[in-house]
Amino acid sequence: MQTDVLIIGCGIAGATAALQLSVDHSRQVTVLTRAADASDSNSIYAQGGIIGRGEDDTAALLEQDILAAGAGLSYPPAVKLLAERGPELLQEILIEAAGLGFDRDADGKIMYGLEAAHSRRRILHVGDATGRAIMKALLQCLSEKPNVSVLTGQTVVDLITYPHHALDPLAIYQPSACHGAYVFNQASGQVQPFLAAHTVLATGGLGQIFLNTTNPPGSRGDGLAMAYRAGAQVANAEYIQFHPTALDLPGTTKFLISEALRGEGGVLLTPDGEPFMERYSPQWKDLAPRDVVARAIFNEMLESGYPHVLLDIASIHPAEYLRERFPQIYAHCLKHNIDITKQPIPVVPAAHYACGGVLVDLWGRTTIPKMYAIGEVSCTGVHGANRLASTSLLEGLVWGDQAAQDIRSGSDGDPLPESAVPAWDTSGLLYDADPNLIQGDMQTIRNLTWHYVGLVRSDYRLSRAIRDLRQLWLDIEEFYRKTRLSDGLLGLRNSAQTALIVAYAAHRTRRSRGCHYREDDPHEVKSASPPEEDRVKLSGGLG
Ligand SMILES: Cc1cc2nc3c(=O)[nH]c(=O)nc-3n(C[C@H](O)[C@H](O)[C@H](O)COP(=O)(O)OP(=O)(O)OC[C@H]3O[C@@H](n4cnc5c(N)ncnc54)[C@H](O)[C@@H]3O)c2cc1C
């Protein structure tokens, strides 16, 4: 397979890049996703919304809020680019090109939502299912572009870097660059090289390496692991944002219970019915910053052996009000026999967002020539040590556009001929991918990361995690080399690699900062909270 631009991943970042590249009819763009349905991604899960420019808002104010959340680690030029360009692109791409109808009031004016740690109302939303609406609009647009092909059920195995993958031994004297990827076709079971002049990694997050996560099953850190194996520089991998309240039901993916419930007076209780947040944050109690609440819940669970804590909103507001104010949460909980108007909600903290990733510049270029990374898999520097709510969809939009512009401004050069790289070698395969083993190993990775690389870290816990994960990773690599491929096996291999990347980064960084918390560091650098009078009530915080 030969294509001009290969985009790996079809969430908001990959879809935006494809759309912005499609205007150049001379280029063929191929978008791959491992999912069976092209819209299946983290992006469709986004509930709260996407940042625009509020009525009394400026780019400078948004910049200030992002920098304050980032705890001194955000890259100012990247923040400036997002704050200035983001709202313009939202208008150009999502509203004008894709025709997305964000919520408006009776006079037809956009209704801007307010979220935690934002100093202005600036969040555009479509009910509480914004991501789903965005992806539907973007995919509809892409389906009308003759030079864009979206292929589902295609799991990328590894990036093709030349001369690493060259057949010609003399190629080692040529400069290294990325030329596409080896791709596993789930239907045929075959692996094929997709050669491309430019490769764009847009594979999203890694929440599934943790025991509890708000991320869907495809967020396995595939892209981070592939880029790392190819030799790309990775940055800030230790900064994993945990959401304090996700519904505690069996399974790894947990439904997010919005911070807005606590904004409306909801109180966290132990299973014995005791409020506990005052012990952790006498000033803010249940409205303390996300990381403080998440760690408090984790600590209560750990010390008393609780499987979860409870969030009580039923005794605060009448049933009718709750049904109207939180329709999605009410309906979802009721489906699982929890009536939030009558009983407290069992909640646990859950891994939510990867602030770091594959290091890129303002154009989405990685440290490997001809390879880009955009969206959650990348580290643009916007989020620093902690992400401001609802910035991630906008980051995918901005860097999807930046990468497309950069590719369009240059020439593609001659593509690598197919004969230059080896065909996928299937000799020596002894086993079928055993689902029992895959599930067992995945569970081990998730347990290790949750307890030793999770909300509260220490030198000892991280050393243990590295030792155990390294041994597991070695075993999985050996198994991988002798086993016929499956999507699950590829996910396991990447999860093991990604868990190690996060654990090493967390071990190396001794200073607690933002969402990376080391209990053995007494000098924590916190995200700056807005002054009390500007502090926005937790009215959203879904993102
Ligand atoms: C519950 C929840 C609520 C959220 N709410 C908000 C919000 O309100 N506002 C906000 O800004 N952000 C929110 N976020 C975060 C935001 O949704 C994500 O950060 C963002 O959507 C990531 O977009 P992406 O394009 O980078 O990746 P994704 O949307 O995750 O897309 C990744 C793509 O890569 C593909 N892929 C992965 N691995 C492979 C492989 N090996 N081979 C082929 N394809 C592969 C996937 O199939 C998918 O198509 C939320 C996240 C969650 C989980």
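The figures that follow rest on heavy atoms only: side chains count, while hydrogens, waters and symmetry mates do not.
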Rounded to the nearest 0.5 Å, how far apart are [atom1] of [X] and [atom2] of [Y]?
X      : Y      : atom1 : atom2 : value
Glu92  : Leu94  : CD    : CG    : 10.5 Å
Ile134 : Ile50  : CD1   : CD1   : 4.5 Å
Ser143 : Leu138 : OG    : CG    : 11.0 Å
Ser188 : Gln154 : OG    : CD    : 7.5 Å
Gln402 : Asp361 : CD    : CG    : 9.0 Å
Ile209 : Gln497 : CD1   : CD    : 11.0 Å

Over all heavy atoms of both residues, which pair between [X] and [Y] is shortest? Give the atoms and the distance, please.
X      : Y      : answer
Trp450 : Phe242 : CZ3-CE2, 3.8 Å
Pro87  : Glu84  : CD-O, 4.1 Å
Ile123 : Gly48  : CG2-O, 4.0 Å
Cys141 : Ala97  : SG-O, 3.7 Å
Ala499 : Ile445 : CB-CG2, 3.8 Å
Ser390 : Ile51  : O-CG1, 3.4 Å

Measure the shortest side-chain to side-chain distance between Ile407 and Val5 over non-hydrogen atoms and say whether it is less than 4.5 angstrom.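 Yes, side chains in contact.
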Ignoring hydrogens and geometry, is there a side-chain-to-backbone donor-acceptor pair from Glu418 to Met1 under 3.5 Å?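 Yes: the side chain of Glu418 pairs with the backbone of Met1.
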Do His118 side-chain atoms and Arg120 backbone N/O form a donor-acceptor pair below 3.5 Å? no
Checking [Y] against [X]: is there a side-chain donor and acceptor pair closer than 3.5 Å?
X      : Y      : result
Glu376 : Ser392 : no
Gln208 : Arg446 : yes
Tyr112 : Arg122 : no
Gln190 : Asn185 : no

Between [Y] and [X], does any NZ, NE, NH1 or NH2 come within less than 4.0 Å of an OD or OE carboxylate oxygen?
X      : Y      : result
Arg513 : Glu238 : no
Arg53  : Asp57  : no
Asp222 : Arg220 : yes
Glu259 : Arg290 : yes

More than 12 foreign heavy atoms under 6.0 Å from CZ of Arg229: is that the case here?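 Check passes, neighbour count above 12.
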Would you say OH of Tyr228 has more than 12 non-hydrogen atoms from neighbouring residues, nucleotides or ligands within 6.0 angstrom?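 No, not enclosed.
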Establish, yes or no, whether the cationic atom of Arg387 lies under 6.0 Å from the six-membered ring centre of Tyr353 and within 45° of the ring axis. yes
Under the salt bridge (charged side-chain N to carboxylate O under 4.0 Å, His left out) rule, what do Arg34 and Asp487 come out as? Steps first, then yes or no, please. CA-CA 8 Å; Arg34 58 164 289 284; Asp487 175 70; 2.8 Å; yes
Relative to the ring of Phe255, is the ring of His332 parallel (under 30°), tilted (30 to 60°) or perpendicular (over 60°)?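 His332 and Phe255: parallel rings.
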